[in-house]
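Labels below follow one simple rule: chain letters A, B, ... track the order of the sequence lines, proteins then strands, and each chain is numbered from 1.
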Number of protein chains: 2
Amino acid sequence: MEYRLHRLYSLRADESGDDLPDDPTRIPPAVVRRLALYSRALSDLELQNQEKVSSSDLADLLGINSAQVRKDLAYFGQFGVPGFGYYVKDLRENLKRILRTDTDVKVILVGVGNLGSALVSYGGFNRQGFRMTMAFDADRRKVGAARGDLAIHHIDELEAKVHESGADIAVLAVPADVCQAMADRLVKAGIHGILNFVPRRLNVPENVKVHYVDLSIEMETLSYYLRNQD
Amino acid sequence: MEYRLHRLYSLRADESGDDLPDDPTRIPPAVVRRLALYSRALSDLELQNQEKVSSSDLADLLGINSAQVRKDLAYFGQFGVPGFGYYVKDLRENLKRILRTDTDVKVILVGVGNLGSALVSYGGFNRQGFRMTMAFDADRRKVGAARGDLAIHHIDELEAKVHESGADIAVLAVPADVCQAMADRLVKAGIHGILNFVPRRLNVPENVKVHYVDLSIEMETLSYYLRNQD
DNA sequence: TAGATTGTTAATCGATTAACAATC
DNA sequence: TAGATTGTTAATCGATTAACAATC
């Protein structure tokens with residue numbers, strides 16, 4: 001059958017230690033997001049000493065359909081055992097490798113205000129292998145003061161320090177009126193990804209990715225459904 | 001033509017001050033989210049004294065298709081003038097009414113840790129008409145201390161105070177191991193919506209809405225595309 | 001009126017789910 | 001082997017976009 005053939009290809013790919021699809025950038029963001037959720041669920045299961053898990057187990061944990069779990073995984077290869085399910089440890093390792101969270105990822109923080117400070121101490125990033133290596137702020141009174149174990153530099157030093165930091169992701173949490181200017185500087189300094197907490201759309205070159213975390217919009221969307229419920 | 005007929009219906013609905021669709025809960029969340037983005041963009045345009053805006057102007061501002069702008073609005077009625085566009089002020093007011101952000105919305109905060117504290121001072125909520133009226137924490141040392149102009153109560157008082165607060169939305173920012181228990185208490189106390197910053201899925205009754213803001217997953221999704229780019 | 005843009009329909013595109021042969 | 005679950009295809013569902021008559 002045809003998919004037997006695919007399987008052979010996939011196994012061969014496995015042996016070469018690489019089963020990424022032809023173009024990993026073509027994977028729908030929704031799929032990547034769920035992959036990260038599977039990975040986290042599998043970590044939990046591993047802590048509970050679960051050895052095996054089925055696609056419907058995983059689906060139930062996330063509140064989705066089991067076919068979706070299998071289809072998402074199928075983008076990257078074959079990780080399960082028909083009639084059995086998946087080995088928790090094995091699948092988790094595969095997902096970490098695919099998501100590239102098997103090695104630490106360095107990020108810098110730009111804007112050490114209320115939200116920025118909170119993000120420094122937010123445990124979730126560290127737990128997933130994201131290391132905040134440096135922070136920058138325009139307020140000289142904040143410079144030097146280490147929040148957590150992180151040194152804060154003045155924003156004037158951004159260009160000079162970014163390369164040293166080794167980061168290619170920036171968390172942006174600056175006032176709205178300077179966010180585009182700051183994004184421009186970050187891009188020039190070699191940053192390729194921005195997690196933007198500022199409620200403004202950023203214009204960046206094609207090769208730079210921006211993800212928006214827009215707290216007010218989330219709140220408004222939630223609010224709409226509540227207030228129209230009854 | 002048929003849609004002339006619709007228009008008449010719509011106008012009649014307008015006159016009665018109500019042009020919500022038959023079942024407002026059936027509107028896709030993606031549409032509601034964009035409506036909130038349109039509303040914000042229109043506020044900006046109003047500040048710049050723009051009087052008119054076309055669907056393609058708005059689309060360009062958000063980086064989407066102009067047909068989508070028109071279709072999103074069409075769920076709720078007809079707000080434009082063919083051959084002209086939309087009056088900024090008029091459309092903004094209509095959207096605020098639809099989103100029900102023309103009146104303040106009260107929210108409580110549960111968990112005054114690093115992230116919780118930052119959310120108190122986060123200006124974005126206030127600006128959009130969300131008022132944090134109370135906060136709760138399990139640490140008695142935090143109780144009483146007002147952060148911003150917000151009193152912090154001990155979590156034991158949750159049930160007693162929620163009703164008094166008049167809120168039906170809670171922002172949840174507690175440690176992961178207590179988040180389900182806390183969600184249960186919130187629901188019993190009469191909360192109908194939860195903006196959940198804890199990286200855990202919550203089990204709640206049908207009539208309660210949960211929105212997830214999962215910072216690590218956003219970061220991982222961003223990271224995936226970067227590290228697979230070149 | 002001529003030019004511009006709406007509101008709507010139909011076409012397209014993409015994502016989710018159902019079903020099942022293949023497999024362990 | 002019998003029972004269970006995978007990986008895949010096809011069907012369904014939903015969301016986005018193109019096109020254009022209606023309108024100002």
Side-chain angles (χ1 to χ4, degrees), chain A residues 1-11 13-14 19 21 23 25-35 37-38 50-60 62-88 90-91 94, chain B residues 1-11 13-14 19 21 23 25-35 37-38 50-60 62-88 90-91 94:
Chain A
M1 297 294 96
E2 204 193 0
Y3 72 83
R4 180 72 256 202
L5 210 61
H6 282 178
R7 164 137 238 189
L8 288 174
Y9 282 131
S10 175
L11 284 175
D14 253 347
D19 53 7
D23 185 352
T25 63
R26 289 283 151 70
I27 307 291
V31 173
V32 176
R33 182 167 285 120
R34 282 194 298 268
L35 248 40
L37 289 168
Y38 302 152
Q50 290 272 354
E51 202 186 315
K52 65 152 284 191
V53 69
S54 70
S55 57
S56 16
D57 293 340
L58 269 177
D60 291 348
L62 307 210
I64 61 176
N65 183 290
S66 73
Q68 184 151 70
V69 174
R70 298 195 295 278
K71 193 147 206 298
D72 286 345
L73 297 175
Y75 278 98
F76 298 91
Q78 297 178 119
F79 307 103
V81 183
F84 172 82
Y86 305 85
Y87 287 98
V88 171
D90 177 62
L91 183 56
N94 271 300
Chain B
M1 298 293 98
E2 205 193 1
Y3 73 82
R4 180 73 257 199
L5 211 61
H6 282 178
R7 165 138 237 189
L8 290 175
Y9 281 133
S10 175
L11 284 175
D14 253 349
D19 53 7
D23 185 353
T25 63
R26 290 284 150 71
I27 308 291
V31 172
V32 176
R33 183 166 285 120
R34 283 194 297 269
L35 248 39
L37 290 167
Y38 302 151
Q50 290 272 356
E51 203 186 315
K52 65 152 283 191
V53 69
S54 71
S55 57
S56 15
D57 293 339
L58 269 178
D60 290 348
L62 307 210
I64 61 176
N65 183 290
S66 72
Q68 185 153 68
V69 175
R70 298 195 296 279
K71 193 149 207 296
D72 286 346
L73 297 175
Y75 278 98
F76 298 90
Q78 296 179 116
F79 307 102
V81 184
F84 172 81
Y86 304 85
Y87 287 98
V88 170
D90 177 61
L91 183 56
N94 272 299

* Asked: Are A/Tyr86 and D/dG7 close enough that a side-chain N or O sits under 4.0 Å from OP1 or OP2?
  -> yes

* Asked: How long is the span from the CG atom in B/Leu58 to the CG atom in B/Leu91, to the nearest 0.5 Å?
  -> 7.0 Å

* To do: Identify, between B/Ala74 and A/Lys71, the residue whose nearest nucleotide on DNA chain C lies closer to the 5' end.
  => B/Ala74

* Residue whose nearest DNA chain D nucleotide is more 5′ - B/Ala67 or A/Ser56 -> A/Ser56

* Rounding to a whole Å, what distance do you find between A/Arg33:CZ and C/dT16:C1'? -> 16 Å

* Asked: If you look at every strand shown and take non-hydrogen atoms under 4.0 Å, does B/Arg34 touch a base, only sugar-phosphate, or nothing?
  -> sugar-phosphate

* **Euclidean distance, atom CG of residue A/Leu91 to atom P of D/dT5 [Å, nearest integer]** => 16 Å

* When rounded to the nearest 0.5 angstrom, what is the spacing between CG in A/Leu35 and CD1 in A/Ile27? -> 8.5 Å

* Asked: Is there a side-chain polar atom (N or O) of A/Arg70 under 4.0 Å from OP1 or OP2 of D/dT6?
  -> yes

* Separation of C/dG7 C1' from B/Phe79 CZ (nearest whole Å) -> 12 Å

* Asked: How long is the line joining OH of A/Tyr75 and C1' of D/dT9, in whole Å?
  -> 14 Å

* What is the distance, rounded to the nearest whole Å, between atom CD1 of B/Ile27 and atom P of D/dA15? -> 11 Å

* To do: Find the bend of the helix from C/dG3-D/dC24 to C/dC24-D/dG3 as the angle between its two terminal axes (five pairs each), to the nearest 10°.
  => 10°

* **Length of the line joining A/Asn65:CG and D/dT12:P, which is rounded to integer Å** => 15 Å

* Can you tell me how far P of C/dT6 sits from CZ of B/Phe84, to the nearest Å? -> 10 Å

* Asked: Which comes earlier along DNA chain D counting from the 5' end, the contact point of B/Asp72 or that of A/Leu73, where each point is its nearest nucleotide?
  -> A/Leu73

* Asked: C/dC24 P sits how many Å from A/Lys52 NZ, rounded?
  -> 16 Å

* First locate atom CG of A/Asp72, then atom CD of A/Gln68, and finally report the distance between them rounded to the nearest 0.5 Å. => 5.0 Å

* Structure fact -> Distance col, row A/Phe79:CZ vs A/Arg70:CZ, nearest 0.5 angstrom, shows 15.0 Å

* Quick one: list whatever passes side-chain hydrogen bond (donor to acceptor under 3.5 Å, both in side chains) with B/Asp57, sequence neighbours left out. => B/Ser54

* Asked: Has B/Ser55 got a side-chain N or O lying under 4.0 Å from the OP1 or OP2 atom of C/dT6?
  -> yes

* To do: Indicate whether OP1 or OP2 belonging to D/dT23 is found under 4.0 Å from a side-chain N or O atom of B/Gln78.
  => no

* Between C/dT16 and A/Gln68, is there an OP1 or OP2 to side-chain N/O distance shorter than 4.0 Å? -> yes

* Asked: Between OH of A/Tyr38 and CD1 of A/Ile64, what distance do you get to the nearest 0.5 Å?
  -> 3.5 Å

* Shortest non-hydrogen contact from A/Ala59 to A/Asn65? -> CB-C, 3.7 Å

